[in-house]
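What follows is a short report on a single structure.
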Amino acid sequence: QVQLVESGGGLVQAGASLRLSCEASGSTFSNLAMGWFRQAPGKEREFVAAINWRGAWTNYADSVKGRFTISKDNAKSTVYLQMSSLKPEDTAVYYCAASSGTYYYTQAKAYDSWGQGPQVTVSS
């Protein structure tokens, strides 16, 4: 089982930037595909971004494309989500997820392990 510890959430104003980090342990990080999901109050958990095990391929939800960037540092066993031009509708709990597969999965069921989910709040 992979353990995921996230950091970097907080309260920011619209238009600001924020970077989330997710450090993994308990498995060979370079073999893991990683993803970020989010869940706003009263809504379903939704896909945000994913990266394949090599870190060469990425996929984004249309709502964040061009504003968010996912990256993977195998040396630090850490995946990042750089968020720019934040909007109030980006407000949610953000979850890091790890998959033993190799693809950049968009469905939550493809992931085996989940982080605790830091809160990101964007004020208008």
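Taking the side chain as every heavy atom from C-beta outward, L11 and T121 approach each other to under 4.5 Å. In this structure the side chain of Y104 never reaches within 4.5 angstrom of the side chain of I70, judged on heavy atoms. M83 has its side chain out of reach of S17: every pair of non-hydrogen atoms, C-beta onward, lies at least 4.5 Å apart. When side chains are defined from C-beta on, S7 does not count as touching L20, because their heavy atoms never get closer than 4.5 Å. A heavy-atom distance below 4.5 Å is not found between the side chains of K43 and P41.
Within 6.0 Å of atom CD in Q39, more than 12 heavy atoms from other residues, nucleotides or ligands are found, so the atom counts as buried in its surroundings.
The residues E23 and K76 are annotated as not salt-bridged, no charged nitrogen and carboxylate oxygen being separated by less than 4.0 angstrom. Note on K87 versus D90: no salt bridge recorded, every NZ/NE/NH1/NH2 to OD/OE distance being 4.0 Å or above.
Of the possible polar contacts, none joining the D73 side chain to the T78 backbone as a donor-acceptor pair under 3.5 Å is found. With hydrogens and angles ignored, the 3.5 Å screen pairs no side-chain donor or acceptor of Y94 with any backbone N or O of T91. Here the side chain of E6 pairs a donor or acceptor atom with the backbone of C96 at under 3.5 angstrom. Of the possible donor and acceptor atoms, one in the side chain of S99 sits under 3.5 Å from a partner among the backbone N and O of G101. A distance-only check finds no donor-acceptor pair linking the side chain of K72 to the backbone of N52 [under 3.5 Å]. Looking only at distances, a side-chain donor or acceptor of R67 sits under 3.5 Å from a matching main-chain atom of S85.
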Step by step, would you call F29 with N74 a side chain to side chain contact (heavy atoms under 4.5 Å, CB included)? CA-CA 6 Å; F29 183 75; N74 288 334; 3.3 Å; yes

Between T69 and Y80, does the side chain to side chain contact (heavy atoms under 4.5 Å, CB included) criterion hold? Intermediate values first, please. CA-CA 8 Å; T69 302; Y80 303 97; over 6 Å; no

With ring pair (Phe, Tyr, Trp, His ring centres under 6.0 Å) as the criterion, how do F37 and Y111 come out once you've worked through the C-alpha distance, each side chain's angles and the decisive distance to 0.1 Å? CA-CA 11 Å; F37 290 75; Y111 294 88; 5.4 Å; yes

Full working for side chain to side chain contact (heavy atoms under 4.5 Å, CB included) between R38 and S63: CA-CA 12 Å; R38 67 186 182 186; S63 59; 3.5 Å; yes

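Summarising the geometry, atom SG belonging to C22 is positioned 4.5 Å from atom CG belonging to L4; distances are rounded to the nearest 0.5 Å. Between atom CG of residue L18 and atom OG of residue S84 there is a gap of 9.5 Å, rounded to the nearest 0.5 Å. Summarising the geometry, atom CG belonging to L32 is positioned 11.0 Å from atom OG1 belonging to T102; distances are rounded to the nearest 0.5 Å.
A chain of hydrophobic side-chain contacts below 4.5 Å, direct or via other Ile, Leu, Val, Met, Phe, Trp or Tyr residues, connects W36 to V2. The cluster map of Ile, Leu, Val, Met, Phe, Trp and Tyr, joined by side-chain heavy atoms under 4.5 Å apart, puts V48 and L86 in the same cluster. A continuous path of ILVMFWY side-chain contacts below 4.5 Å connects Y105 to W57, so both sit in one hydrophobic cluster. Clustering ILVMFWY residues whenever any of their side-chain heavy atoms sit less than 4.5 angstrom apart, transitively, puts I51 in the very cluster that holds Y60. Both V120 and M34 are members of a single hydrophobic cluster when ILVMFWY side chains are connected at heavy-atom separations under 4.5 Å.
Looking at every heavy atom in both residues, A92 comes nearest to Q119 through O-NE2, 3.4 Å. In plain terms, the two heavy atoms of S124 and A14 that are nearest each other are CA-CB, 4.3 Å.
Between W114 and Y95, the angle of the ring planes goes over 60°, which puts this pair in the perpendicular group of the 30/60° scheme.
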